[in-house]
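Each chain gets a letter, A, B and so on, in the order the sequences are listed, and its residues count up from 1.
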Number of protein chains: 2
Amino acid sequence: MMLKKRDIPQHRRLYETLRKHIVDGVYLEGDLLPSENELCRLYGMTRPTVRQSLGNLSADGYIRKHQGKGSIVHYLPREIGILSVSGTTTAVGDRNLKTRIIVKPVLMPWPGDFMFPLNDLEKESGCIYMERLRLLDGVPIFYDITYIASINLPRITSRQFEDRSLFKILREHYQIEIKGGEQRIKAINATPKINRFLKMRRGEPVLHLERKMETSTAGLHLYSSIFCNTAKYSIYGRF
Amino acid sequence: MMLKKRDIPQHRRLYETLRKHIVDGVYLEGDLLPSENELCRLYGMTRPTVRQSLGNLSADGYIRKHQGKGSIVHYLPREIGILSVSGTTTAVGDRNLKTRIIVKPVLMPWPGDFMFPLNDLEKESGCIYMERLRLLDGVPIFYDITYIASINLPRITSRQFEDRSLFKILREHYQIEIKGGEQRIKAINATPKINRFLKMRRGEPVLHLERKMETSTAGLHLYSSIFCNTAKYSIYGRF
DNA sequence: TATTTTTACTTGTTAATACAAGTAGAATCG
DNA sequence: CGATTCTACTTGTATTAACAAGTAAAAATA
């Protein structure tokens, strides 16, 4: 049997369709999704396929399933949801979020005492370094230092990062998707350098995140050290 | 066909078995798990059932699947993994973690300006309030204020909470499981009260988490406000 | 009328089957 | 010997089938 649209699996397409309907408000929070059998009829697939879509939606927090009742829409991270899954830009929307480049992407050796252990390939390749400042409604909120292993990323140091997400560039130009990762979170006192960028007073508390992100390209990781002014906004997450 | 062990699904039992083997070190990080067909033979189930177990392990970060290669063990949160999925006790192990009750569970009305919106049933029911202090290797790390709606939890205020996790009590005595939740994270300056409990100096930064947890019982939520001394340990999480 | 039972849904579990697609090493060919 | 092709694995996708278990409202009963 042939596939309908350039080899994107059916369960994936249904997932994207339903997810889009949820974030666009076609289905509101608390709404009951069409039943599995109804979705089968609507989209012309069998129940295991539909169930895979719904299972993924459930795992990603978009719906809650209840045996005997149905699948209920459970989408809430709309308030000030930042840093939940992949990039910061996607979560808060491009509306109020501006990015200012402090240090343009530059190829350099890895720092001596790096926050995560590196594999041999990463060590050899050298690292692409950049610093960015994210402003929410004109107020600096994130000061972001990013490290990427320089593996198969031609011309990346010459690309424009203004007004676009790093994740978008990786996806569109290099077909690289963020698949997950790990992070360490702690509260620290702002250093003078952080104070300058985040416009905070001396001694004010700052949230510090150290993240390692895995991509669809095996062995390629993104690392970032993020300093966050949480005086006005909180970091929001689901688990 | 009969079920083998008190109605726990096969895919769930295989999940628990493999998960235990991974955290116990039977399979080490980087190891290749037995192939799906091999697991079918070993545990006497069919491939869709085995695949459901592996899919859940993958979603929970214990393995990574690679088409054409196999399932590779990817368990790392062993360093100081706290607050990753459900409870704090499970993640770090009961070894070094001691719990001290500051305020024993007591029934009281909800605070006036609560950190999360409450539904009508929760408002009516009143709230069970408790304060705990968690010590890691004798050093106070978490100061934890917990709120639970008083819905179908007989005798909970008279239970012993020393040396056991709240989650364990809910699971064993009330068959309530934590299924997920949301949280807000920010960095604050320690208040005198927090300083006293966490033994910190004035002006030191503290991590503040506000969490809402969903349970297997519809409408029953756990809320907690956690203050964390991250000077020595970081909060670790996967996404 | 109030309670209980039935019924018609819903999702959950499991099986048996088939083929597609990616991987890695063995076998073959130049 | 080196590069290519083949082959035997692996996981990914999808169908069809059947029954279990939970839910809620309709129907029957007291």
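Looking at heavy-atom distances under 4.0 Å, A:Thr46 makes contact with a base.
Taking atom CD of residue B:Glu38 and atom C1' of nucleotide D:dT11, one finds them 14 Å apart after rounding to whole Å. As rounded to whole Å, 8 Å separates atom P of C:dT11 from atom CG of A:Leu32. Atom pair B:Gln10:CD and C:dG12:P shows a separation of 17 Å (rounding to whole Å applied). Here D:dG22 presents its P atom at 16 Å from CD of A:Glu36, a figure rounded to the nearest Å. When the C1' atom of D:dT13 is taken as reference, atom CG of A:Leu14 falls 14 Å away, rounded to whole Å. At whole-Å resolution of the value, CZ in A:Arg41 and P in C:dT10 are 8 Å apart. As a whole-Å value, the separation of A:Arg12 CZ from D:dG12 P is 13 Å. For the pair B:Asn37 CG and C:dA16 P, the interatomic distance rounds to 13 Å; values are reported in whole Å.
Closest approach to the B:Arg51 side chain among C:dT14, D:dT13, C:dT11 is made by D:dT13 (side chain taken as heavy atoms from C-beta onward). Of the candidates C:dT13, D:dT13, D:dT15, D:dT13 carries the atom nearest the A:Gln52 side chain, counting heavy atoms from C-beta on. When the nucleotides C:dT13, D:dA21, D:dT13 are ranked by their closest atom to the side chain of A:Gln67, D:dA21 comes out on top.
A perpendicular orientation is assigned to the rings of B:Tyr223 and B:Trp110, their planes being inclined by more than 60° (bins at 30° and 60°).
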* For A:Glu182 and A:Arg211, what are the C-alpha separation, side-chain angles and deciding distance, and is it a salt bridge (Lys or Arg N to Asp or Glu O under 4.0 Å)? -> CA-CA 6 Å; A:Glu182 46 183 311; A:Arg211 320 184 101 197; over 6 Å; no
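Under 3.5 Å, the side chain of B:Arg47 and the base of D:dG12 form at least one donor-acceptor pair of N or O atoms.
Remark: A:Thr49 is in phosphate contact with D:dT15, judged by side-chain N or O atoms under 4.0 Å from OP1 or OP2. In this model, the phosphate group of D:dA24 is approached by a side-chain N or O of A:Lys69 to a distance below 4.0 Å at OP1 or OP2.
For the pair A:His66 and A:Met45, nearest-nucleotide mapping onto DNA chain D gives the more 5' position to A:Met45.
Note that CD1 of B:Ile148 is 9.0 Å distant from CE of B:Met213, once rounded to the nearest 0.5 Å. With rounding to the nearest 0.5 Å, the separation of CZ in B:Arg47 from CG in B:Leu54 is 10.0 Å.
Counting only distance, with no hydrogens or angles, the side chain of B:Thr215 and the backbone of B:Leu220 share a donor-acceptor pair below 3.5 Å.
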